[in-house]
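Here the structure is a predicted model, which is why all the values come from computation and not from measurement. As a basis for the values below, the full set of heavy atoms in this structure was taken, side chains included, without hydrogen atoms, waters or symmetry mates.
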Amino acid sequence: VWTWYRGKLTRHPLLTKASTTAVVMCLSDLACQSLESSSAQRLFELKGEQANLQNGCPTNVNYQQVGTIENQLKTDWKRTMHVGITGFTLSGPISHVWYNILEFIV
């Protein structure tokens, strides 16, 4: 697998780095949602339906409780897709260019 990946980096560096960044960002978002869900689940177990997920958030964050508790604890695939798109279109390409500039300077 590593040899295949290195070959892709050599032939298509920008596409490979953008794709890798998108995958890593999606996985990290899913891990984050899992932590959020487990924290919210504990809060719901302690406080029941009166649990306020907004409590403790910065004032500029507006957490909207939508639907049932079960719906709130589900994985937000739309959010994960947006994170992946950001990684593919922005973070990966910007990092690629930035590190090429640094390589040139150093």
Side-chain angles (χ1 to χ4, degrees):
V1 173
W2 184 248
T3 306
W4 174 82
Y5 182 74
R6 298 276 305 188
K8 292 293 182 187
L9 274 173
T10 303
R11 286 187 299 277
H12 308 287
L14 181 60
L15 181 62
T16 303
K17 291 174 187 176
S19 300
T20 302
T21 302
V23 168
V24 169
M25 287 181 67
C26 284
L27 292 174
S28 64
D29 181 65
L30 290 171
C32 185
Q33 286 190 53
S34 177
L35 288 171
E36 289 172 355
S37 179
S38 64
S39 296
Q41 180 67 41
R42 278 180 285 180
L43 182 64
F44 286 132
E45 288 171 0
L46 289 173
K47 300 201 176 193
E49 294 287 334
Q50 288 75 33
N52 181 4
L53 297 180
Q54 178 68 40
N55 194 15
C57 289
T59 55
N60 62 335
V61 175
N62 185 16
Y63 184 87
Q64 297 177 348
Q65 293 185 351
V66 180
T68 64
I69 292 170
E70 291 80 20
N71 284 341
Q72 294 177 49
L73 299 177
K74 287 182 180 177
T75 301
D76 185 352
W77 293 105
K78 184 177 179 183
R79 171 180 139 176
T80 302
M81 179 188 68
H82 287 166
V83 168
I85 290 170
T86 300
F88 187 80
T89 60
L90 293 174
S91 300
I94 289 171
S95 295
H96 169 76
V97 170
W98 176 245
Y99 283 109
N100 281 342
I101 291 169
L102 291 178
E103 279 287 322
F104 179 76
I105 291 172
V106 177

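- Here the closest non-hydrogen pair linking Gly87 and Pro93 is O-CD, 3.9 Å.
- For Tyr5, the OH atom sits in a packed shell: over 12 heavy atoms of surrounding residues, nucleotides or ligands are nearer than 6.0 Å.
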### Task
Could you walk me through whether Arg6 and Trp2 pass the side-chain contact (heavy atoms from CB on, under 4.5 Å) test, one step at a time?
CA-CA 6 Å; Arg6 298 276 305 188; Trp2 184 248; 3.6 Å; yes

### Query
What's the verdict on side-chain contact (heavy atoms from CB on, under 4.5 Å) for Ser37 and Gln33, showing C-alpha distance, side-chain angles and the deciding distance?
CA-CA 6 Å; Ser37 179; Gln33 286 190 53; over 6 Å; no

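- Under the 4.5 Å side-chain heavy-atom criterion for grouping Ile, Leu, Val, Met, Phe, Trp and Tyr, Val23 is not connected to Val1 through any hydrophobic cluster.
- Here the straight-line distance linking atom OG of Ser95 with atom CG of Leu102 works out to 10.5 Å at 0.5 Å rounding.
- What you find for Phe88 and Ser19 is that their closest heavy atoms are CE1-OG, 3.5 Å.
- The minimum heavy-atom distance between Thr80 and Cys26, with the atom names listed, is O-SG, 3.6 Å.
- Although no hydrogens or angles enter the test, the distance criterion places no donor-acceptor pair under 3.5 Å between the side chain of Ser34 and the main chain of Leu30.
- The number of heavy atoms from other shown groups lying within 6.0 Å of CD (Glu45) is above 12.
- With hydrogens and angles ignored, the 3.5 Å screen pairs a side-chain donor or acceptor of Ser38 with a backbone N or O of Leu35.
- Cluster annotation: Ile101 and Ile94 are assigned to distinct hydrophobic clusters (Ile/Leu/Val/Met/Phe/Trp/Tyr, side-chain heavy-atom contacts under 4.5 Å, transitive).
- Crowding of Arg79 atom CZ: a count of heavy atoms from other residues, nucleotides or ligands under 6.0 Å exceeding 12.
- Closest approach of Lys17 to His96, counting heavy atoms only: NZ-ND1, 3.2 Å.
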